[in-house]
Each structure stands twice: as C-alpha cells, then as structure tokens.
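FYI, the numbering just counts along the sequence from 1.
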Amino acid sequence: QLQLVESGGGLVQPGGSLRLSCTASGFSLDYYAIGWFRQTPGKEREGVSCIGSSNGRTNYADSVKGRFTISRDNAKNTVYLQMNSLKPEDTAVYFCAAKLLASSCTGGMHYWGKGTLVTVSS
C-alpha cells in the first residue's frame, strides 16, 4: 500500500520549534518532489515548502522564509520540515504530498498524507 505518513505535530509555545516528518511506505521518495502544505478551517490550503526530486531545489512561502527548513533523507525515505520561531498564525494541519519526477510542487500532487496538527499557543 502506497502511503505518506506525517508525524511530529503538537502544541508548542510561540517562538518554539517543531520538526515534522513525512515518511513514505510502499514506494521510494527518491524520485519525487515533496511538498509541505497547511490548512486551517475556512481557508484554502496553502503551499509551505517544496523540495525537488532530482536537483533538491527548495522553495518556501514568504510567510515562512528564514524560519522553516525542508530537507530529505532518502536513506530513511523521509522528508523533514524544521519549523523554528513559530507563530500563532502557523497553527494549521500540515500535510505532505509527493509528485513523481518533479522539480517543483506546482500543479497536482500524486500522493497525500492525512496530516498532522500543529498548534502554536501560549
């Protein structure tokens, strides 16, 4: 069964850090661009960050630049999102998604995880 599983979400105080993980089972992430997206109730899902499949090029939403870092460990079949200096407005359900043989995460993604909740609150 092909699936993506996110983990690492939770409750953190403003200014704190979390590291999200996105682990694939049933397929290798080596050839996939991986994106992190987030969504809050009543709002559209937004792209947070993406790492390309071949070139490893990364990009970030303006709202998280300088605070979030995406990375991949192909040996562990996992992509990470390190989130620092968290703000209350970062509160959302975070999803990872994979797109085969892509250098970006624009357009449709092929596989989605079910999400992990991040709550930033004092």
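- Remark: T106 engages S104 in a side-chain contact (heavy atoms from CB on, under 4.5 Å) (not counting sequence neighbours).
- How far OG1 of T58 is from CZ of R72: 11.5 Å, rounded to the nearest 0.5 Å.
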Could you go through residues 59-66 and list every donor-acceptor pair under 3.5 Å that involves a side-chain atom there, pairing it with any protein atom two or more places apart or in another chain?
from, atom 1, to, atom 2, distance (Å)
Y60, OH, I70, N, 2.9
D62, OD1, K65, NZ, 3.1
S63, OG, R38, NH2, 3.4

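- No side-chain heavy atom of Y32 sits under 4.5 Å from any side-chain heavy atom of L101.
- Sorted by first and then second residue, the disulfide bond (SG atoms under 2.5 Å apart) pairs involving residues 23-82 (not counting sequence neighbours) are C50-C105.
- H110 places a side-chain N or O within 3.5 Å of a backbone atom of L100 that can act as its donor or acceptor partner.
- To the nearest 0.5 Å, the span separating CZ on F95 from CZ on R45 amounts to 7.0 Å.
- Within the 4.5 Å cutoff, no side-chain heavy atoms of K87 are placed close to those of V120.
- When the side-chain contact (heavy atoms from CB on, under 4.5 Å) test is applied to L117, the partners found at least two apart in sequence or on another chain are V93, T119.
- Contacts classified as salt bridge (Lys or Arg N to Asp or Glu O under 4.0 Å) and involving residues 47-56 (residues at least two apart or in different chains) are not found.
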Side-chain atoms of residues 17-29: list all donor-acceptor pairs with protein atoms under 3.5 Å, sequence neighbours left out, distances to 0.1 Å.
from, atom 1, to, atom 2, distance (Å)
S17, OG, N84, OD1, 2.9
T23, OG1, T78, OG1, 3.0
S28, OG, D30, N, 3.2
S28, OG, D30, OD1, 3.0

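- Contact annotation: the side chain of S103 never approaches that of S53 to less than 4.5 Å [non-hydrogen atoms, C-beta and beyond].
- By the 4.5 Å heavy-atom criterion applied to side chains, S121 and L11 are counted as neighbours.
- Residues R67 and L86 come closest through the heavy atom pair NH1-CA, 3.9 Å.
- Remark: I34 CD1 to L81 CG distance equals 12.5 Å, nearest 0.5 Å.
- Scanning for side-chain contact (heavy atoms from CB on, under 4.5 Å) contacts around K114 gives an empty result, with sequence neighbours left out.
- Under the rule for a side-chain contact (heavy atoms from CB on, under 4.5 Å), the partners of K43 that lie at least two apart in sequence or sit in another chain are T40.
- For residues 33-52, the set of pairs meeting the ring-ring contact (aromatic ring centres under 6.0 Å, His included) definition, not counting sequence neighbours, comprises F37-W112.
- Applying the ring-ring contact (aromatic ring centres under 6.0 Å, His included) test to residues at least two apart or on different chains, none of the pairs has a partner in residues 69-94.
- In the hydrophobic cluster analysis, where Ile, Leu, Val, Met, Phe, Trp and Tyr join through side-chain heavy atoms closer than 4.5 angstrom, L2 is grouped together with Y31.
- For the pair T116 (side chain) and G9 (backbone), a donor-acceptor distance under 3.5 Å is present.
- Not a single side chain to side chain donor-acceptor pair (under 3.5 Å) links R57 to another residue, sequence neighbours left out.
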